[in-house]
Amino acid sequence: MIDRIKKLYTDNKTIFLIAGLAAMIALPFLIVKGSVMSIIVKILFYVILASSLNIINGYSGQFNIGHAGFVLIGAYTLAILANFGWPIWVLYIVAGIVTAIIGFLVALPTLRLRGIYLALVTLGFSEIMRLVALNWTALTGGPMGIKGIPSPWFFGLRSTAPHNYYYIVLFFVVICLFTSYRVINSKVGRAWMSIREDDHAAMSLGVDIRKYKSINFMFGAFWAGVGGALMAPFYKFIDSSMFTLDEGFNILSMVIIGGQGTLVGPVVGSVVVNLTTEIFRFADEARLLVYAVLIISMMWLRPQGLAGTSKSVIANRSIRKSKQVLLSKLSGKKEVK
Amino acid sequence: MLKKILVIVLSLSLLIGVFAGCQKTEEAGVIKIGVAAPITGNYAEYGKGFDVATQMAVDKINAAGGINGKTVELVLMDSKGDAKEATEIARKFTEDPEILAVVGDFSSTCCMATAPIYTEAKMVQISPTASHPDYAGMSEYMFSVMGRQDAEGPFVAEYLAQKYVGAEKMAVIYLNNDWGVSAHTNILKRAEEIGLEVTAVENFVDGEKDFTATLTKIRQTNPDTLCLVMFYNELVIISKQIKQMGWEDVKIIALGPGISEQIVQLGGADVEGIATSTPFMVSPDNTVAVAFKNEFEQKAGFTLNVHSACAYDATNMLAKAIGNLGDNVTREAIAAELSNMKDFVGITGPIIFTANGDVFRKYLIAQIENNKWVQKTDYSYVD
Amino acid sequence: MYFLEQLINGICQGSIYALMAIGYAVIYGVVGLVTFTYGEIIMMGSFSAFYYFIAFGNNLWMALIAGFITAALVGVVVHKVCYQRFLDAPRYISLICTIGMSMFLKNLATILFGSEMKGMPTFFGGKFISIGTIRVGYLQLIIIAVVIILTVLLTIYLKKTRMGMRLRAVSQDKKAAALVGINVKTTTLIGNCIGCGLGGVAGILLGVYYNSVLPTMGGMAGLKAFSAMVLGGLGSIVGSAISGVIIGVVENLGIALTSSGLRDVFAFVLLVLILFIRPQGLFGKKGN
Amino acid sequence: MLKIENLVVNYGYISALRGISLEIEENEIITLIGGNGAGKTTTLMSISNLVKKTAGEIVFNGTDISKMDPDKIVRLGIAHVPEGRNIFKKLTVEENLIIGTITEKNLPRKEIHSRCEEMFTLFPRLKERRKKSGGSLSGGEQQMLAIARGMMLRPKLLMLDEPSLGLAPIIVEEIFELMNRVKQGGMTILLIEQNAMLALEVADRGYVLQNGEIVLSGTGRELLNNPEVKKAYLGI
Amino acid sequence: MGVLLESKNISKYYGGIKAVQNVDMTVGEGEIFGIIGPNGAGKTSFFNVCTGNLQPNGGEIWFDGQKITGLQPAQIARRGIARTFQNIQLFNFMTVLENVKIGFHIHEKTNIFDALIHTKRYREDERMTQERGLKLLENLGLSENADTLAGNLAYGMQRRVEIARALALEPKILLLDEPAAGMNPIETRNLSDFIKTLRDKGHTIIVIEHDMKFVMNLCDRIMVLNFGRKICEGVPEVIKSDKEVNEAYFGKSTTF
């Protein structure tokens with residue numbers, strides 16, 4: 001069924017996109033309740049965060065499990081500078097740039113690493129960031145957090161009401177997806193994907209792996225930073241407990257449940273995950289149990305994610321196997337990897 | 001086939017969830033109060049306490065005929081200790097016109113993130129435990145029952161440490177969260193004023209278990225008193241590790257855990273002699289408090305702590321304010337009524353809000369003697 | 001003297017990390033997948049001992065065995081849910097499964113056992129040995145001894161027994177193992193159970209040493225075990241044990257030099273630095 | 001003894017075997033020859049059930065083994081010596097040999113030891129390095145070790161995948177002589193070889209594979225003298 | 001005929017295995033140079049050393065008058081050495097056209113900002129890769145498969161895509177690792193012809209192969225490796241009659 005929906009979508013892409021955007025713009029007029037709107041705004045935050053993680057994990061095949069660290073940097077950058085009186089609109093971008101620079105610094109050591117080692121470094125980075133935010137009281141307020149983060153003004157409206165802030169986030173969501181789309185359909189995006197598919201082949205074609213991995217990390221970090229920066233004025237208060245490893249795992253689950261390596265995947269993932277946790281609120285204590293079961297059953301039923309290419313994993317597996325056979329056939333001579 | 005069934009079951013359960021979420025009970029003559037608490041997540045223990053304590057308060061009120069003939073109903077929502085979820089809950093509460101006020105949340109993080117939303121809706125949020133110094137002052141609708149640390153901190157430094165145990169050189173270990181930071185800052189401030197030497201100040205992140213390095217380090221500075229600003233669990237672990245180190249000549253005082261029974265239960269002989277400040281004491285002659293304590297422990301399955309007692313008081317206070325207003329109950333009016341209430345005495349003692357919305361509390365000193373908390377001073381000790 | 005004292009503190013704490021890391025190393029070595037459920041296995045082991053003490057009295061040694069068995073049984077469930085199906089699939093799938101499983105176990109424990117901290121009985125009456133002003137508790141010595149004994153036993157088991165040989169074979173080359181007639185499925189299951197059982201034992205010692213059992217106790221413990229295992233060179237048992245001790249020592253010396261709130265910062269900075277300098281871990285061989 | 005019928009194997013969209021059938025009699029040496037990618041290795045992997053079969057049946061001594069677990073197949077007495085260097089690199093040479101007998105549960109230590117000694121007489125080079133780790137051996141030694149490991153089981157059917165790979169001619173000759181001796185001991189051998197001349201010389205019968213199909217079959221002599229084989233396969 | 005690629009005394013070891021030992025080789029401009037040898041002779045290892053995928057334990061590689069040992073594979077590729085892989089390393093989840101477009105990577109000047117705002121440079125690059133990519137596919141008879149996922153193609157087709165991808169680099173020298181493996185005789189003959197046309201267009205080509213017939217018909221000069229050592233080098237006729245080669249390749253007892 002999902003595949004049929006996908007086909008319908010690809011066949012009428014433009015219509016769907018325009019209709020979808022129109023619906024998104026009209027949404028606040030249809031929904032009266034601020035609480036529902038607030039959940040929608042949260043979903044949009046996660047669309048940005050999951051998409052940015054997808055850029056790193058899904059398109060260049062690196063494995064970042066400490067995404068919360070980047071989100072933290074974005075949120076704190078905005079919160080700190082906003083208290084110095086910088087305009088919020090500018091800060092959204094500044095926060096993104098600062099995070100991208102940190103992303104570059106993280107990418108530096110990780111360029112040499114793969115797989116599990118890379119994952120561990122990002123995990124360590126995320127925890128270091130959280131602990132620094134907790135301990136560097138002079139800058140971050142330490143455990144007191146930063147409160148009273150000002151909200152941007154927007155056509156004369158105080159924008160942190162969910163109905164208004166929605167448009168700001170939606171704007172960035174559209175920009176995020178649009179820029180991701182453009183980059184992915186260019187030399188840069190192709191280079192990322194070539195690294196994901198087979199880095200040795202990519203190297204032999206002159207793709208500078210280090211350069212493109214760094215760009216990839218920076219691009220992903222940029223949007224994670226923007227996402228974090230968007231959250232700060234909406235919640236008006238941030239402290240380090242909002243950016244734990246679990247938060248990073250949460251974003252990761254969204255990407256994978258939605259489908260890695262597709263633009264729609266993270267969008268679907270964040271919608272599904274956030275709605276599920278919301279819907280199962282009545283389950284009280286067992287709420288997270290339900291969420292856990294959802295994650296595991298997704299991996300059993302549709303490991304490629306809801307929006308992932310059908311059979312891709314299975315195909316991937318058999319292609320990998322055939323490669324293994326060939327590799328083992330040649331393993332006497334060939335030890336490139 | 002299995003796959004299909006699973007898909008169907010999953011989507012059905014999703015659907016049921018949607019409808020269950022939409023269901024609403026419309027009953028006349030009901031007063032609704034929201035409760036936001038971390039039922040899951042790392043603070044689930046305290047959220048559970050909130051749940052039981054608030055429900056006990058409401059059951060009692062309803063058994064006594066409700067508020068002006070109307071029964072009270074609680075709407076409990078799980079914030080997971082997550083500011084994002086807390087704001088969503090706040091929006092849900094403020095949008096439901098039947099909900100008059102909210103008891104919650106546990107952590108200052110959640111309370112402070114939700115404060116603007118409640119303020120906008122002119123709705124009272126009365127937090128049993130939030131002790132961030134800025135929280136209650138955020139608006140006239142924010143109240144905290146726990147009491148601000150700028151009262152307890154100085155009390156601990158001046159009366160508990162200097163006067164009661166006779167400390168001359170003190171070291172401080174505090175839990176690195178908003179509460180711990182403000183509590184220990186106030187201790188340090190007063191200690192400097194009264195000339196109590198502080199030899200070392202160390203902190204730790206929530207969940208820490210191994211304090212040997214910290215203690216070894218502090219011991220180097222030769223304090224005669226160790227002031228522990230933390231909750232019961234770390235307090236017990238630290239006292240055990242102190243004994244294990246063979247560090248006998250140090251007096252331990254505590255701020256934060258109050259007279260938690262858990263300390264005695266878990267600590268055994270190792271916590272003997274620990275002195276603490278507490279706003280209240282369940283003394284055997286206070287029958288109301290004793291009955292409450294027994295009932296709570298029976299319902300919750302764990303011993304009463306200060307946080308749950310505060311949640312109980314917060315609920316009762318709210319109910320009293322609503323009762324006082326009679327038929328003119330509005331959200332806005334509740335805030336004014338609470339600020340003006342001067343005669344409330346709860347389990348945790350008399351509660352009178354300051355202009356800020358905090359409580360100025362008076363403190364007692366209790367000490368563990370023969371595996372029991374014993375009240376050592378009364379409220380007049382300060383004078 | 002002070003330095004020495006802190007060093008001993010570090011070794012004591014590090015020995016618990018070491019024990020946790022050994023279990024993780026066995027799991028990673030044999031199954032070949034990263035797990036984030038390990039912390040919850042540790043927690044389960046700890047709880048099993050807590051209830052064992054209530055039901056059958058305070059016998060630490062029997063509790064260790066009971067904890068091993070319980071944790072191994074939980075390991076079977078984890079294996080069936082998170083690994084078995086995904087041995088050939090891309091790694092991230094089982095990783096996400098273990099994240100889900102961790103969430104599941106943690107919340108299940110909260111519902112079943114309650115979220116408040118529980119205490120453990122005291123063993124060896126708090127006796128200690130004094131070396132100058134330094135005191136080393138019997139319990140600490142026992143923990144260090146248990147770590148050493150288990151490391152040795154495990155090494156012997158892997159080196160000398162047929163099952164051990166199977167485990168080593170599977171951890172090196174699953175295909176070749178199948179070719180010599182080893183049932184890879186069963187062997188990975190057994191390996192996972194042994195690793196989880198060791199995790200359970202570590203959990204009990206952790207609970208007894210710090211006198212506390214909590215549903216959330218697994219989180220940081222699992223991370224430290226994971227870190228020590230990677231530092232030790234992915235699946236190397238002795239390497240993991242040594243790395244565990246190193247992490248403990250670095251943390252404690254770090255606290256001695258700066259502030260105690262920065263403990264985990266030291267652990268993770270050490271990790272990132274070492275991986276930067278030696279991408280294959282402290283004791284890993286290049287090209288693995 | 002072993003019968004393969006209409007075996008089809010696809011790797012994703014690539015078909016590796018397009019329906020091959022062959023038969024092996026007791027105490028024969030059978031060889032499969034063919035170029036790279038012709039499907040020789042895949043055939044062996046299918047017998048050991050290490051690849052997923054799309055269709056086809058494999059019967060060994062009357063038992064259908066096409067869906068059996070790989071370890072059970074080994075237990076039936078089919079030893080597979082993979083090509084390349086599929087030995088356990090971190091185990092010592094001796095351990096590598098011992099692990100070859102792992103399916104025989106109650107084999108006495110003495111018996112294992114004597115079989116090891118037997119292998120060391122066959123491959124004296126391994127004896128010198130018995131305590132060394134498998135990874136430290138040279139390519140040829142690793143190949144010998146893999147063969148020895150397969151023979152430790154005393155299998156009914158020994159499948160050798162390119163045993164001459166990377167070996168010096170003298171050792172290759174030794175191995176082929178060895179095969180004859182083993183055959184006289186009652187073992188059946190299925191041999192995959194690129195060195196077609198050599199393989200066909202020792203083989204009783206042979207099959208020529210091309211692009212996943214059997215294009216020719218016959219006795220070793222016949223194939224050796226078949227001009228088609230020479231032309232198509234040997235490229236002369 | 002100038003020397004294009006030269007290896008001096010190259011050695012490569014893996015642990016105890018000496019994969020390549022002291023190999024010298026010179027390849028002139030415009031040649032088709034063959035490297036043959038039995039399985040495990042060290043051909044691919046030698047190849048990987050030439051392209052920077054492996055670092056040698058000893059010796060130097062010179063290309064176009066410059067030393068290239070120690071350079072990264074990407075840098076070597078940029079200097080004009082393109083290669084294919086023995087086991088076909090295509091980007092399986094990308095379409096054939098995308099595969100070839102990545103081949104044009106070093107000729108594209110787009111950076112991330114060009115991609116974001118679709119500058120002239122981006123549009124030109126996209127047009128260039130699209131046009132030239134399609135043309136290249138047409139040349140290799142792959143036009144129909146432009147939008148197929150590379151992983152879904154048949155074996156022979158995948159080989160061709162890989163060669164197309166390597167050609168997109170417009171390399172000075174093309175290294176083909178067993179290009180004919182898995183091809184049927186007709187495909188092989190076509191491939192052989194195709195490689196010759198490439199040579200006629202001025203490409204220098206090195207081919208690894210153990211299909212003797214293929215190599216003998218195709219190559220101008222041949223080097224034979226066995227046990228990592230060079231045992232013979234020369235024109236096909238020399239190779240054919242060399243005794244050591246025959247022994248290495250067909251076993252001691254056989255002759256042609």
Side-chain angles (χ1 to χ4, degrees), chain A residues 61 175 178-212 215-216 218-219 222 261-262 308-309 311-313 315-316 318-320 322-337, chain E residues 14 19 39-45 48 51-54 72-79 81-94 98-99 101-106 108-112 114-118 122 125-126 129 149-152 162 165-166 168-169 175 177-178:
Chain A
I175 300 280
F178 179 71
T179 50
S180 304
Y181 176 80
R182 283 207 154 174
V183 173
I184 282 156
N185 286 294
S186 77
K187 174 192 178 188
V188 181
R190 285 194 294 268
W192 290 345
M193 284 186 271
S194 71
I195 296 169
R196 172 191 74 191
E197 297 286 308
D198 190 326
D199 52 353
H200 278 96
M203 271 191 270
S204 76
L205 295 171
V207 178
D208 186 341
I209 306 256
R210 284 160 177 262
K211 179 177 155 194
Y212 283 95
I215 294 180
N216 180 267
M218 287 173 75
F219 191 78
F222 176 85
T262 57
T309 321
K311 290 189 184 116
S312 69
V313 170
N316 185 13
S318 43
I319 284 170
R320 262 173 11 118
S322 75
K323 265 194 161 178
Q324 271 168 13
V325 173
L326 283 162
L327 269 176
S328 69
K329 199 172 171 53
L330 310 159
S331 61
K333 307 172 277 180
K334 188 197 161 287
E335 306 227 356
V336 177
K337 281 201 174 174
Chain E
Y14 305 110
N39 262 351
K43 303 179 300 263
T44 299
S45 291
N48 284 334
T51 56
N53 292 68
L54 289 175
Q72 292 294 313
Q75 292 170 304
I76 292 178
R78 278 164 189 277
R79 296 195 178 197
I81 299 183
R83 68 169 295 177
T84 65
F85 292 86
Q86 187 172 30
N87 50 329
I88 308 188
Q89 289 180 241
L90 282 179
F91 307 123
N92 287 324
F93 284 108
M94 301 172 79
E98 278 171 330
N99 266 277
K101 277 183 176 178
I102 292 170
F104 286 111
H105 183 86
I106 59 171
E108 285 184 89
K109 292 171 193 70
T110 309
N111 62 31
I112 192 164
D114 295 322
L116 286 178
I117 47 178
H118 281 197
Y122 169 84
D125 274 346
E126 286 300 304
T129 52
L149 283 188
N152 293 0
E162 211 188 10
R165 194 179 67 180
L169 259 84
L175 278 66
D177 197 346
E178 304 212 359

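Chain letters run A, B, ... following the sequence lines, proteins first, then strands; residues in each count from 1.
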How long is the straight-line distance from NZ of Lys187(A) back to NZ of Lys109(E), given to the nearest 0.5 Å?
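So the NZ of Lys109(E) and the NZ of Lys187(A) are separated by 8.5 Å.
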
Could you tell me which portion of Asn111(E) (side chain, backbone, both or neither) has an atom closer than 4.5 angstrom to a non-hydrogen atom of chain A?
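It is the backbone, since no side chain atom gets that close.
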
Measuring from Ser204(A):OG to Ile81(E):CD1, what's the distance to the nearest 0.5 Å?
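Ser204(A) atom OG to Ile81(E) atom CD1 measures 11.5 Å (nearest 0.5 Å).
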
Can you say whether Thr51(E) sits under 4.5 Å from chain A via the side chain, the backbone, both, or neither, judging by heavy atoms?
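Nothing of Thr51(E), per the 4.5 Å heavy-atom cut-off to chain A.
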
With sequence neighbours left out, write down each residue that passes salt bridge (Lys or Arg N to Asp or Glu O under 4.0 Å) with Asp114(E), or none if nothing qualifies.
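Testing Asp114(E) for salt bridge (Lys or Arg N to Asp or Glu O under 4.0 Å), a comparison that skips the adjacent residues, returns Arg121(E).
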
Can you measure from CG (Leu116(E)) to OG (Ser180(A)) and round to the nearest 0.5 angstrom?
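It is 9.0 Å, given to the nearest 0.5 Å.
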
Side chain, backbone, both or neither of Arg165(E) within contact of chain A (heavy atoms, under 4.5 Å)
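Backbone plus side chain of Arg165(E), per the 4.5 Å heavy-atom cut-off to chain A.
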
Between Asp198(A) and Phe91(E), what is the shortest heavy-atom contact and its length?
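Heavy atoms only, the tightest pair is O-CE2, 3.5 Å.
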
Within this structure, what is the CZ-CD1 distance for the pair Arg190(A) and Ile102(E), rounded to the nearest 0.5 Å?
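It is 7.0 Å, given to the nearest 0.5 Å.
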
What residue in Ala201(A), Gly189(A), Gly261(A) has the most heavy-atom pairs under 4.5 Å with chain E?
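The answer is Ala201(A).
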
Between Met94(E), Gln75(E), Glu162(E), which residue shows the highest count of heavy-atom pairs closer than 4.5 Å to chain A?
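Going by pairs under 4.5 Å, I would pick Met94(E).
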
Quick one: CG on Asp208(A) to CD on Gln72(E), what's the gap to the nearest 0.5 Å?
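With rounding to 0.5 Å, CG (Asp208(A)) is 8.0 Å from CD (Gln72(E)).
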
Contacting region of Phe219(A) [heavy-atom separation from chain E under 4.5 Å]
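Just the side chain, heavy atoms under 4.5 Å.
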
Val183(A), Ile215(A), Val207(A): which one forms the most heavy-atom pairs within less than 4.5 Å of chain E?
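That would be Val207(A).
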
At a heavy-atom distance under 4.5 Å, which candidate from Ala115(E), Gly52(E), Ala82(E), Gly103(E) has the highest pair count against chain A?
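Of the candidates given, the most pairs with chain A belong to Ala115(E).
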
Minimal non-hydrogen separation, His105(E) against Ala191(A), with atom names:
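Nearest pair, atom of His105(E) first, then Ala191(A): CE1-CB, 3.7 Å.
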
Taking only residues two or more places apart in sequence or in another chain, which ones pass ring-ring contact (aromatic ring centres under 6.0 Å, His included) with Phe104(E)?
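Scan of Phe104(E) (ring-ring contact (aromatic ring centres under 6.0 Å, His included), adjacent residues dropped) gives none.
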
Nearest heavy atoms of Glu126(E) and Ser186(A), plus distance in Å
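Here Glu126(E) and Ser186(A) meet closest at OE2-CA, 3.8 Å.
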
Measure Thr84(E) against the heavy atoms of chain A and call it side chain, backbone, both or neither at under 4.5 Å.
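Contact with chain A is absent: no heavy atom of Thr84(E) under 4.5 Å.
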
Among Leu169(E), Asn99(E), Ile106(E), single out the residue with the greatest number of heavy-atom pairs under 4.5 Å to chain A.
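Highest number of heavy-atom pairs under 4.5 Å: Leu169(E).
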
What's the shortest heavy-atom distance between Phe85(E) and His200(A), and which atoms?
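Where Phe85(E) meets His200(A) most closely, the heavy atoms are CZ-O, 3.8 Å.
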
